[in-house]
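Numbers restart at 1 for each chain; the letters A, B, ... are given by sequence-line order, proteins then strands. Since this is a predicted model, take the numbers as computed values, not measurements.
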Number of protein chains: 2
Amino acid sequence: MVQSKQEQILDVAEAIVRSRGYNAFSYADIAAEVGTSKASLHHHFATKSDLGLRLVTRFTQNVLQALDDIETVHSSALIKLREYARLFEGAMEENQMCLCGMLAAEHETLSEAMQVAVNDFFDGHERWLEQVLLSGRENGELEFDGEAKVHAQAIVSSFQGALLVAKSQRSMKRMNLVSSHLVENYRAKSS
Amino acid sequence: MVQSKQEQILDVAEAIVRSRGYNAFSYADIAAEVGTSKASLHHHFATKSDLGLRLVTRFTQNVLQALDDIETVHSSALIKLREYARLFEGAMEENQMCLCGMLAAEHETLSEAMQVAVNDFFDGHERWLEQVLLSGRENGELEFDGEAKVHAQAIVSSFQGALLVAKSQRSMKRMNLVSSHLVENYRAKSS
DNA sequence: GTCTATAGGTGGATAGAC
DNA sequence: GTCTATCCACCTATAGAC
């Protein structure tokens, strides 16, 4: 299956941003890796922030789709959380952050449209987690005190932070322990 | 008390890096804020990565000193953890990340000397937390399963991630809840 | 759609006067 | 130690031929 030029550009750009950040890449970097010219890239994405915005919306769609897939395939809340954790392992292995985690760090330097899109990612993402936590507590599978929303935010923070610190420490195995440990904390003690 | 020009430059640079990142600031930015010229900055810090390195070593000294102060003033492990959490609140309010958290995201774009210095920050930092967790568990004040080192990494990740996501979400009140919630998790149920 | 060429600006860094 | 002036590499973006 051959992907379109646009998708190819977005794939390369996403990998670079997740590794080095939005402010540390240029059209020249992408052109070199895709094997084309800077001007050609501008034909597909007129400005860098246009490219950045498409990057975020595509990423958000993909992640929310993956979460939907987890939702439909699995019924156990605990397994949903484990599958959620698995989504991060691949990124960790390639020493990449979550695209929106990286962009959150650079948030103040982004165009307004990109800032809003990054916020939307975290909103949708945390809403999904909140629902999983609520339904899991309801059927007795999960156990925790207080608002599910706060726990959802804590889980998101932990994973984003694990990816962040892993970029410096390169101790991915231990970070995997961290993430699995975090999820198992929510398992009901009685089950 | 009048601070030296060097300290003034470092203060301004640190604030910018913690807000916008290392790759999104220039000598021109600092010069404008300090009220001097780019050439004058180069007199104090010959290259940008020299400035960056001093930024990291100064920050690490300050943080490790603050942790030492907590260590000498307080004997309760739980209170030490709470004081640790307090260190992050100020940063959160100004919508700044931990300097080394920001630099961890940009890690691959930094000079080798800066990369090593950032690693050293996390090493020293996590060692301190590990010791607090171990001594707290020993005297029955704290309760947790498994290796203290893994828990120390999890706590560091959570705080770094909370600061990261807060930059996008600006929901600092909730992030404070997240951080306090995280610490109280370690309180012994019996006490 | 792709290219070469280039505009117009900013990056880090240096020379040399004061 | 501070400045102005300048270098050169690179940035985003555009013009215009093919």
Check: [Y] and [X] side chains under 4.5 Å, non-hydrogen atoms:
X        : Y        : answer
A:Glu7   : A:Arg58  : yes
A:Leu81  : A:Leu129 : yes
A:Gln169 : B:Asn119 : yes

For the ring pair B:His107 and B:Tyr22, is the centre-to-centre distance below 6.0 Å?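 When the ring centroids of B:His107 and B:Tyr22 are compared, they turn out to be at least 6.0 Å apart.
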[X] [atom1] - [N] [atom2] separation (whole Å):
X       : N      : atom1 : atom2 : result
A:Phe45 : D:dT12 : CZ    : P     : 15 Å
A:Leu41 : D:dC10 : CG    : P     : 17 Å
B:Lys38 : D:dT6  : NZ    : P     : 14 Å
A:Lys48 : D:dT14 : NZ    : P     : 15 Å
A:Ile30 : D:dC11 : CD1   : C1'   : 13 Å

Touch class at under 4.0 angstrom, heavy-atom based, for A:Ser26 against every strand present: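 Sugar-phosphate, no base atom in range.
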Does either side chain, that of B:Ser158 or that of A:Ser158, offer a donor lying less than 3.5 Å from an acceptor on the other one?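 Yes, side-chain donor-acceptor contact under 3.5 Å.
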Start at the 5' end of DNA chain D and walk down; is the nucleotide closest to A:Ala39 or to A:Asp29 reached first?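 Nearest-nucleotide comparison on DNA chain D picks A:Asp29.
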What orientation do B:Phe159 and B:Phe88 show, parallel under 30°, tilted 30 to 60°, or perpendicular over 60°?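 Taking B:Phe88 first and then B:Phe159, their aromatic rings lie parallel (interplane angle under 30°).
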Earliest and latest nucleotide of DNA chain C, 5' to 3', sitting under 4.0 Å from a non-hydrogen atom of chain B?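 Footprint of chain B along DNA chain C, 5' to 3': C:dG11 to C:dA15.
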